[in-house]
Amino acid sequence: MKFRKSEILFFALRNTKLRIGVFIVALFAFLAIFGPYFAKYEPQDFAGPGYNPPSGEYWLGTTTFGRDVFSQFVYGLRSTFLVGFVGGSIATFIGLFVGFLSGYKGGLADELLMMFTNIVLVIPTMALLIILAAYLKYRGVFLESVFIGFTAWPWTARAVRSQTLSLKTREFVNLARITGMKPLKIIVVEILPNMLSYVFMVFILQFGGAILTAATLDFIGLGPTQGISLGLMMQQAVLWNAIQLGMWWWAVPPGIAITAIVGAMYFMNTGLDEVFNPKLREM
Amino acid sequence: MGKYLKRKIIIYLLTFFFAVTIDWVIPRFMPGDPIRTLLSRAAMRTEAMDLLYNYYNKVFSLDLPLWKQYVNFWVSLFKGDLGTSVYLFPSPVFEVIKRAVPYDILLLVPAILLSWIAGNKFGAFAARKKRLDNTILPIWYVITATPYMWLGILLAWVFGVVLGIFPISGAYSFSMSPSLSWEFIWDYLKHWILPFGSLFIVQLGGWAIGMRNMIIYELESEYSRYMEAMGAPAKLIRKYAFRNAVLPQITGLALQLGVIVAGALATEVVFSYPGIGYLLLQGILNGDYFLIQGCFLFIILGVLIANFFIDIIYVIVDPRVRRGMSGETA
């Protein structure tokens with residue numbers, strides 16, 4: 001076992017895709033954590049004259065109303081990571097729970113759960129979120145993440161279910177069942193550890209997915225009513241004609257951050273796939 | 001085949017039922033009493049007041065027992081009555097949305113189909129060549145991680161503002177009115193190309209990655225190895241691999257629809273494109289809840305219909321399902 005762990009670590013450290021991905025995510029995480037301490041203004045403060053391109057004083061320029069784009073950017077990054085983490089965790093957890101239960105129990109429970117999963121799967125997540133968010137007067141970033149988590153789980157549930165189905169018939173699971181282990185314990189002790197690498201990859205994908213969903217939701221006007229996020233920045237930029245006025249410093253940086261973070265997550269995912277799956281390694 | 005489709009149809013009907021129920025439940029049981037908010041908002045516009053009040057009385061009729069309210073909601077839904085828009089008063093929501101739908105269809109259908117086809121071709125092509133694969137794969141990943149609206153913003157900025165080639169707002173020039181003249185079609189296409197481009201490009205990355213992974217998987221499989229051992233030409237093997245790899249891509253298309261539609265909504269906002277996404281934004285900004293609810297139902301209906309088409313195509317393409325041989329789960 002010890003050998004296996006160090007072997008995985010060895011391949012993980014050697015994998016370029018994984019290294020690049022981790023580096024980019026870490027870079028933005030660093031900005032999100034420490035950036036606000038460097039920012040000279042609060043995100044909604046009137047920092048100075050409007051329409052200012054990036055300069056020494058305003059690192060990413062100012063908005064039409066003279067707000068400092070850099071401050072908005074680093075605070076927005078915080079929201080982005082919060083949404084990714086909370087939304088991704090909830091979605092992964094529900095997906096695992098439903099998938100394990102449905103795959104392991106089988107029978108009627110499986111039928112019903114999969115029916116429900118398929119229904120939620122067909123309904124566009126965004127539509128569901130729109131109708132939920134539209135009727136809430138005050139929305140915070142945290143609540144938004146919870147909503148996203150509660151709507152993003154179906155594909156995970158289906159994938160976990162099919163993995164569980166194949167693991168369920170293995171001998172070590174049968175053995176555990178014969179010794180009278182409780183189903184929940186079998187799932188946690190016998191099945192879950194065998195899927196841990198997969199679960200980790202699912203979490204990364206859900207993390208990235210939650211960030212993209214939140215950005216879209218913010219952009220169509222259903223983002224947090226208080227605070228700032230990268231999606232909100234883009235929405236305001238578009239609403240106030242930043243594109244037509246050539247204010248690229250307002251509209252472009254938030255998107256760069258989202259693309260870089262989510263892209264890096266996908267990269268990490270592919271890298272991890274190669275680390276965990278020896279067949280793919282030499283490619 | 002019949003069994004497969006029947007199962008799917010049941011799921012879709014249940015989904016529709018579920019969606020309508022959500023549409024009914026949320027305004028009624030959400031904390032903060034949205035209906036009262038609606039009424040107080042309506043009171044600000046006297047001419048809207050009467051009509052809205054009547055509508056509320058009819059649809060919400062809060063003195064009736066809950067189940068009756070629910071039945072009434074369905075009845076008015078089947079009559080095509082989705083309420084009156086506050087934002088575009090006094091147009092009925094149904095009419096407002098009906099006017100927007102063609103723009104959505106003309107934008108989404110070509111973008112989805114073309115990117116799916118092109119993505120599959122590129123993905124299968126790149127998967128065979130290791131050098132090409134290694135250089136192009138990172139690009140696919142970056143593309144597929146791009147938020148639709150941001151690519152829209154970039155395209156609008158580069159092609160609309162910096163280069164000034166394409167218009168970046170609306171579906172046609174203000175000076176024009178929709179007609180079937182060449183002039184109008186040309187004008188429409190010029191407005192159409194950038195939103196189409198942002199939808200097309202982002203999706204392309206996802207399909208290409210999916211196809212690449214599937215092709216590699218299929219080329220490693222037993223039947224490919226067997227054919228290779230038998231000395232079959234590489235072209236033939238690849239043809240079979242492609243055929244098998246396309247099936248999960250069709251399923252993937254059904255699964256991705258919701259995401260693509262969300263992307264289209266955001267893209268329309270960027271370009272002020274008069275589809276459902278733009279309506280939705282206006283509905284949200286103006287607190288027009290009937291419009292929001294109507295958009296919600298239309299989006300779901302559209303996705304369900306599209307799903308159904310994809311299922312039929314799947315049945316046609318996959319002989320196992322067609323002959324009822326595999327219990328391909330719904």
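Sequence lines set the chain letters: A, B, ... in the order given, protein chains first and strands last, and positions in each chain run from 1.
- Both the backbone and the side chain of A/L128 come within contact range of chain B, each with at least one heavy atom under 4.5 Å from a heavy atom of that chain.
- When heavy atoms are compared at a cutoff of 4.5 Å, A/I256 approaches chain B by way of both its backbone and its side chain.
- The shortest non-hydrogen separation linking A/V238 to B/V269 is CG1-O, 4.1 Å.
- Using bins of under 30°, 30° to 60° and over 60° for the plane-to-plane angle, the ring pair A/W248/B/W157 lands in the tilted bin.
- Here the rule is side-chain contact (heavy atoms from CB on, under 4.5 Å) with B/P147, and of A/V262, A/T259, A/T216 only A/T259 fits it.
- For B/Y12, the part lying under 4.5 angstrom from a heavy atom of chain A is the side chain only.
- Inter-residue side-chain proximity for B/W150 and A/F219 is flagged as unmet; no heavy-atom pair is nearer than 4.5 Å.
- Heavy atoms closer than 4.5 Å to chain A are found nowhere in B/S272, neither backbone nor side chain.
- At a 4.5 Å heavy-atom cutoff, the contact between A/I123 and chain B is made by backbone and side-chain atoms alike.
- In B/Y217, the OH atom is not crowded: 12 or fewer heavy atoms of neighbouring residues, nucleotides or ligands sit closer than 6.0 Å.
- At least one side-chain heavy atom of A/T270 sits under 4.5 Å from a side-chain heavy atom of B/Y141.
- With a threshold of 4.5 angstrom between heavy atoms, A/L212 approaches chain B through side-chain atoms but not through N, CA, C or O.
- Here the CD1-CD1 distance, from A/I130 to B/I299, works out to 5.0 Å after rounding to the nearest 0.5 Å.
- Heavy-atom pairs under 4.5 Å with chain A were tallied for B/G258, B/G277, B/A145; the largest tally goes to B/A145.
- To the nearest 0.5 Å, atoms CG (B/L280) and CE (A/M126) are separated by 10.0 Å.
- The environment of OH in A/Y198 is crowded: more than 12 heavy-atom neighbours from other residues, nucleotides or ligands sit within 6.0 Å.
- In terms of heavy-atom proximity, B/L281 sits nearest to A/L239 at CD2-CD2, 4.3 Å.
- Per-residue counts of heavy-atom pairs under 4.5 Å with chain A were compared for B/V161, B/L154, B/L137; the largest is that of B/V161.
- When each of A/G255, A/P124, A/A127 is scored by its heavy-atom pairs under 4.5 Å with chain B, the top score falls to A/G255.
- Residues A/W155 and B/L255 are not in side-chain contact: their nearest non-hydrogen atoms beyond the backbone lie 4.5 Å or more apart.
- Nearest heavy-atom pair across A/I119 and B/I11 is CG1-O, 4.3 Å.
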